[in-house]
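Position 1 is the first residue of the sequence, and the numbers go up from there. Since we're looking at a predicted model, the values are computed, not measured.
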Amino acid sequence: MVRYLIVLCFAENNVFLQKLYCFNASFLNMHRKFPNLTLFLMFAVLTGIAGWASLWQEWLFMPPCSVHQWRQADGAAHAWNYYINPDFFSPEIQNLQTKGDSHALGELPLTYWIAGLISRITGYKVWILRWVSLFFFLSGVGLFGRMTLKITNSFFRAGIVTGALLISPFLMYYAPGYLPDTPALGMILIAVALGFEGVEKENKILISIAFAFAAVSAMTKLTFLLVPFTFLGGLMGLYFFPESGRDTPKQDFLYRNRLFFLSGFFFLVLAVVAFRIWVSQYNQSHGSIYYLAGTRPVWNYTLPEIKGILRGVYYMTNSYASAGLYGLFVLSVLAIIRFRKQIPGMLSAVMLIHALGVLCIFLLWFRMFREHDYYVTCMMTFPLLIILIAAIYTPEAFLQKNRLIKGLLLLLLVFGLYQTRREISNRLKNEPVYHSYLKDTRILMEMQEDWLTRKGFPENARFLCPEDMSPNTLLLGLKRKGYTFSNFGDRINRDTLDKYQHYHQMNYLVLTDSSLYSPLYREYFPVQLLEIKGLLRIYGKN
């Protein structure tokens with residue numbers, strides 16, 4: 001297929017490109033008559049192709065599974081507990097830690113809460129959270145594409161910019177997922193699109209809503225403060241260099257209302273800081289120590305450790321973004337260098353500040369990038385910014401003179417989709433070697449809500465799940481609260497077992513690997529009470 005497209009795009013008569021130009025012109029004519037319909041059609045086609053390439057038809061109905069399933073289970077656990085208790089300000093997970101209190105919080109639980117409310121209407125389905133996450137992501141991508149179309153007046157350019165977001169394997173993997181990173185990306189894209197619309201129409205209400213979405217995004221993932229701080233830097237450039245900032249009506253509006261924008265940024269940061277303080281106090285009051293409370297900066301590590309982490313980052317770069325996206329980014333950088341004199345000083349400042357912000361995030365959370373690909377989500381705004389600016393300021397005359405560039409851009413999108421499908425197909429088959437229990441979760445999620453109760457286990461029964469790398473995975477499948485620890489298997493000591501039974505009434509043991517049923521476990525949990533499809537065993541007393 002790729003070879004066929006190459007022949008089409010680079011054939012001497014360029015028939016394919018000529019048809020592409022005609023299609024773009026026809027679409028623009030249709031857009032003038034039916035603007036909303038053409039926008040919807042373009043976005044639906046792009047999303048449909050990207051969703052098919054990313055195997056969404058399979059992922060959308062799956063429980064937490066595959067890569068980082070343990071972290072996905074945390075989000076699913078929050079949604080499950082909101083289904084039981086919809087109080088937004090009392091988020092819970094499945095595990096009991098320190099004081100035996102399951103309340104814990106790491107980020108703004110908006111998507112979890114929405115999924116829990118929907119479940120109360122439709123009945124609990126763990127995959128509802130996937131659909132909620134996908135909704136926020138696609139809303140952001142769609143509005144960002146609409147903004148690009150309004151700026152460039154070109155469906156081709158808008159399609160390239162929008163497509164750039166849809167050919168990153170890890171973004172497309174987590175878009176219909178249980179983690180908050182892609183919804184946070186969607187929210188910040190909504191904020192940017194609404195902010196542009198507000199400046200275009202000189203509408204402060206729209207701009208205020210944009211600030212609200214940016215605040216929600218940063219509360220969901222703190223690193224998304226990168227985007228508003230980037231534009232704050234550009235705005236400060238207008239403040240200190242007013243003459244250079246008044247060469248267009250839009251920039252004149254920004255300059256005249258600079259105090260309004262600065263106030264908006266101040267309240268945005270104040271809201272995020274207040275939320276983080278509440279999160280810290282909430283976790284402390286409930287004795288929760290699970291969620292990451294700090295950074296992992298580069299200066300905490302020795303040179304050999306830094307080299308090892310960089311090697312891990314190198315091996316994971318294939319999942320961050322496909323070669324198609326890398327190609328689009330490189331071409332965009334070349335276009336910006338070629339036409340740099342046409343780019344306003346404000347946008348040049350924005351690009352520089354954004355690049356420095358990405359570097360700071362990488363250095364501050366350095367250790368986490370070795371194996372946690374979702375930490376890169378906020379950094380994906382940088383290549384997107386570069387691609388957007390290149391799409392806006394590359395002259396049409398240059399593209400008309402160098403027609404093969406359009407064919408190359410299209411090929412990069414197609415190749416990106418191909419690589420995304422290959423990468424996500426591998427993730428679909430993923431069964432980590434060291435955590436064999438992961439493959440059991442799909443079966444556990446099918447258990448009915450009162451299944452264990454009908455088997456004679458009390459409603460308040462608590463289970464010890466020592467194999468679980470996450471404090472939520474197996475307990476979420478069992479739909480119970482309980483105590484887990486970071487995969488200590490049979491290496492637990494007698495004092496700890498005494499504490500679990502005395503303080504937490506932990507009278508049941510769950511194992512997926514019967515070889516871990518050590519003499520010490522046998523002493524405390526002497527009887528096998530239940531076996532589930534040969535994959536899960538529950539032990540206890542008579």
Side-chain angles (χ1 to χ4, degrees), residues 47-83 93-94 109 111-112 114-119 122-138 166 168-183 185-186 319 372-374 377 417 420-449 451 465 467-479 512 532-533 535-536:
T47 303
I49 295 172
W52 169 81
S54 306
L55 300 171
W56 283 355
Q57 64 272 23
E58 297 188 53
W59 290 110
L60 276 169
F61 298 97
M62 283 188 176
C65 57
S66 188
V67 180
H68 293 305
Q69 181 221 250
W70 64 272
R71 182 63 180 87
Q72 298 176 46
D74 298 341
H78 275 301
W80 156 255
N81 283 284
Y82 275 129
Y83 165 66
I93 48 181
Q94 301 302 100
T111 55
Y112 311 143
I114 292 173
L117 292 184
I118 294 174
S119 295
T122 63
Y124 177 72
K125 299 289 187 299
V126 67
W127 42 260
I128 287 176
L129 182 55
R130 285 191 184 273
W131 291 76
V132 174
S133 298
L134 185 62
F135 170 79
F136 279 105
F137 176 73
L138 291 183
L166 302 176
S168 170
F170 89 100
L171 280 184
M172 299 305 283
Y173 171 70
Y174 290 117
Y178 296 89
L179 273 64
D181 301 73
T182 48
L185 176 61
S319 67
H372 298 82
D373 55 0
Y374 50 85
T377 308
L417 289 173
T420 296
R421 187 173 181 85
R422 186 185 65 184
E423 178 73 18
I424 292 184
S425 294
N426 291 333
R427 292 193 173 205
L428 191 63
K429 302 171 186 175
N430 183 276
E431 292 184 1
V433 175
Y434 300 105
H435 307 296
S436 59
Y437 65 85
L438 296 182
K439 65 181 182 294
D440 307 331
T441 308
R442 299 184 194 182
I443 296 175
L444 292 176
M445 292 299 176
E446 296 172 1
M447 294 172 61
Q448 297 179 17
E449 210 166 301
W451 195 84
C465 300
E467 292 174 87
D468 200 345
M469 187 177 179
S470 162
N472 297 300
T473 311
L474 292 179
L475 290 169
L476 177 62
L478 293 169
K479 297 181 173 62
T512 61
I532 302 175
K533 300 183 180 180
L535 293 170
L536 186 78

Problem - Value rounded to 0.5 Å, distance of CD1 in I128 from OG in S133 - result: 12.0 Å
Completion exercise
In this structure, CG of L536 is separated from CG of L478 (nearest 0.5 Å) by 6.0 Å
Completion exercise
Residues at least two apart in sequence or cross-chain that pass ring pair (Phe, Tyr, Trp, His ring centres under 6.0 Å) with F61, listed by chain then number, are W127, W131
Exercise for the section: With sequence neighbours left out, write down each residue that passes ring pair (Phe, Tyr, Trp, His ring centres under 6.0 Å) with Y173, or none if nothing qualifies. Expected result: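 In terms of ring pair (Phe, Tyr, Trp, His ring centres under 6.0 Å), with neighbours along the sequence ignored, Y173 is linked to W59.
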Exercise for the section: Could you note down all residue pairs passing salt bridge (Lys or Arg N to Asp or Glu O under 4.0 Å) where residues 173-182 supplies at least one of them, sequence neighbours left out? Expected result: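 Applying salt bridge (Lys or Arg N to Asp or Glu O under 4.0 Å) to every pair that reaches into residues 173-182, excluding sequence neighbours, yields D181-K221.
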Exercise for the section: Starting from the C-alpha separation in whole Å, work towards a yes-or-no answer on side chain to side chain contact (heavy atoms under 4.5 Å, CB included) for C65 and M62. Expected result: CA-CA 7 Å; C65 57; M62 283 188 176; 3.7 Å; yes
Handout entry: P176: which of V132, L134, L138 passes side-chain contact (heavy atoms from CB on, under 4.5 Å)
Key =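 Going through V132, L134, L138 one by one, the side-chain contact (heavy atoms from CB on, under 4.5 Å) with P176 is satisfied by L134 alone.
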Practice task
Verify the ring-centre separation between Y124 and Y83: is it less than 6.0 angstrom?
Solution key: yes
Results of side-chain hydrogen bond (donor to acceptor under 3.5 Å, both in side chains) for [X] - residues two or more places apart only:
X    : result
Y178 : none
Y174 : D373
H68  : none

Between [X] (side chain only) and [Y] (backbone N and O only), is there a donor and an acceptor less than 3.5 Å apart?
X    : Y    : answer
Q94  : K479 : no
Q72  : T473 : no
T182 : L171 : no

Between side-chain atoms of residues 49-58 and protein atoms elsewhere (two or more places apart, or another chain), which donor-acceptor pairs fall under 3.5 Å?
unit_1	atom_1	unit_2	atom_2	d
S54	OG	A50	O	2.8
W56	NE1	M172	O	2.9

